[in-house]
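Taking it in order: structure first as structure tokens, then the write-up.
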Amino acid sequence: MKKFAACFVLIFCLIGQTVFAETVVPILMYHNLNNSYLPEHANVEMRPDEFREQVTTLISAGYTPIRLYDYTDWVNGKKDLPEKPIIITFDDGYLNNYTHAFPVAKELNIPITIFIITDRMGMSDGVAYPHFTWKQAREMNESGVVDIESHTNAHSDLFLADNKTVINELRLSKYLIKKHLNRDANYLAFPYGNYSDFVKQQAEKAGYKACVKIKPLAPGLNRKGDDVYELKRLTACGGMTGQDIIDLIQRCGDK
């Protein structure tokens, strides 16, 4: 009888761990995919083959890439998420996102989000890296695997900007995405990861459903009760393997 009772307690605990396990959602941040980069730029650059290896390793480990729409629908009780969800994002809208990341997303049939700086679309002069065009953005948007979202209009530091600039940066980028892509931009990446309560309030007033930030010294994962206007991201760096990304996710999940 004692053995039966012990087994019952063990089974109950295991079931409880399965049923009540907390869902956490990592959001990865990428920037540039270049075949060569300086080691000191590894926080914003990696080779295309490194990106592919990271993504395929994550998928092989059971992670399922989802859209930010899936995340906010889950928060609002409209849908369930897979067991190990993950969100893949790119900042700025560089041309190499179109030439390197987009083909991987199509091949693997996984969603990625690209936050664009609308004032730099198609620019190659006066910028560190060329940006893709509105035509290329439309192609990606219509593919069904890429969501084009806002990284503001001119990449201004919203924490330091005056109120008028903040409102203009948030609303003009939404307007231009709607004009050129015939889609609503519902998600915002704060330039430099900087924001304030006023910025968050204006983002909500402008119609954004959620905002993402980045705090390199305080990375974290996202849970259902978290503020959707300051979602945490993890920096995917050049030189990191897919297993390194998994280890980072697990360390953050233990906090």
Side-chain angles (χ1 to χ4, degrees), residues 27-37 41 43-52 54-55 65 67-69 87-158 161 165 168-193 203 206-212 214 233 236 238:
I27 303 177
L28 301 183
M29 181 185 70
Y30 294 88
H31 285 82
N32 287 290
L33 300 181
N34 294 324
N35 283 311
S36 62
Y37 60 89
H41 295 163
N43 64 318
V44 292
E45 296 192 63
M46 68 175 60
R47 298 190 312 272
D49 63 287
E50 290 180 306
F51 171 67
R52 175 186 288 274
Q54 289 180 7
V55 173
R67 305 169 72 204
L68 278 163
Y69 288 91
I87 299 172
I88 299 170
T89 69
F90 283 80
D91 281 8
D92 301 331
Y94 295 117
L95 178 60
N96 54 58
N97 297 173
Y98 172 78
T99 56
H100 296 310
F102 180 37
V104 172
K106 287 191 295 183
E107 177 188 341
L108 301 178
N109 192 30
I110 58 170
I112 63 174
T113 298
I114 303 179
F115 295 103
I116 63 170
I117 305 168
T118 51
D119 191 46
R120 299 182 189 175
M121 296 296 287
M123 288 184 64
S124 57
D125 295 331
V127 290
Y129 304 94
H131 291 246
F132 55 73
T133 65
W134 283 113
K135 181 179 179 180
Q136 291 164 331
R138 282 193 295 274
E139 179 186 348
M140 289 189 284
N141 180 64
E142 292 168 2
S143 71
V145 296
V146 177
D147 289 327
I148 303 295
E149 301 293 346
S150 173
H151 201 24
T152 72
N153 182 61
H155 204 258
S156 299
D157 188 328
L158 300 180
T165 298
N168 183 68
E169 284 288 282
L170 299 179
R171 294 178 178 269
L172 180 55
S173 58
K174 274 183 70 77
Y175 165 77
L176 291 172
I177 290 172
K178 181 69 172 182
K179 175 184 176 182
H180 289 279
L181 304 183
N182 193 31
R183 65 166 287 143
D184 292 321
N186 288 312
Y187 302 95
L188 170 73
F190 298 123
Y192 313 106
Y208 292 101
K209 294 182 178 181
C211 302
V212 298
I214 184 66
R233 290 193 288 176

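All figures in this text were calculated on a predicted structure; none of them were measured in a lab.
- Side-chain atoms of Ser143 come within 3.5 Å of backbone atoms of Val145 as a donor-acceptor pair (strictly under, hydrogens ignored).
- One finds no salt bridge joining Asp184 and Lys174 here, because no Lys/Arg side-chain nitrogen approaches an Asp/Glu carboxylate oxygen to under 4.0 Å.
- Between Ile214 and Met29, the closest side-chain pair of non-hydrogen atoms falls below 4.5 Å.
- Note: Asp49 CG to Phe51 CZ = 11.5 Å, rounded to the nearest 0.5 Å.
- Put simply, OH on Tyr98 and OG1 on Thr133 are 7.5 Å apart, with the number rounded to the nearest 0.5 Å.
- Between Ile88 and Val55 the shortest side-chain heavy-atom distance falls below 4.5 Å.
- Under the 3.5 Å distance criterion, with hydrogens and angles disregarded, a donor-acceptor pair is assigned to the side chains of Asp92 and Tyr94.
- Met140 places a side-chain heavy atom less than 4.5 Å from the side chain of Phe132.
- For Ala189 against Phe115, the heavy-atom pair with the smallest separation is CB-CG, 3.5 Å.
- The backbone N or O of Asn186 lies less than 3.5 Å from a partner atom in the side chain of Glu149, making a donor-acceptor pair.
- Note on residues 127-138: no pairs pass salt bridge (Lys or Arg N to Asp or Glu O under 4.0 Å), not counting sequence neighbours.
- The pair Arg183-Glu142 does not meet the salt-bridge criterion, since no charged nitrogen lies less than 4.0 angstrom from a carboxylate oxygen.
- Defined by atom type and a distance below 3.5 Å, a donor-acceptor pair is missing between the side-chain atoms of Arg47 and Asn34.
- In this structure, Ile177 and Ser150 have side chains that are in contact, with non-hydrogen atoms separated by less than 4.5 Å.
- Each salt bridge (Lys or Arg N to Asp or Glu O under 4.0 Å) pair with one or both residues in residues 106-127, not counting sequence neighbours, appears once here: Arg52-Glu107.
- The two residues Leu170 and Ala203 have their closest heavy-atom pair at CD1-N, 3.6 Å.
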Take His155 and Tyr192, measure what side-chain hydrogen bond (donor to acceptor under 3.5 Å, both in side chains) needs, and give me the verdict at the end.
-> CA-CA 8 Å; His155 204 258; Tyr192 313 106; 3.2 Å; yes

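- With contacts defined as side-chain heavy-atom distances shorter than 4.5 Å, the pair Leu181/Trp134 qualifies.
- Distance alone, capped at 3.5 Å, is enough to place a donor-acceptor pair between the Glu169 side chain and the Ala154 backbone.
- Side-chain contact of Arg233 with Thr89: a donor-acceptor pair under 3.5 Å is present, judged by distance alone.
- Between Ala236 and Gln54 the shortest heavy-atom distance is CB-OE1, 3.8 Å.
- Between Asn35 and Pro48 the shortest side-chain heavy-atom distance falls below 4.5 Å.
- Residues Tyr37 and Glu50 have side chains that bring a donor and an acceptor to within less than 3.5 angstrom of each other.
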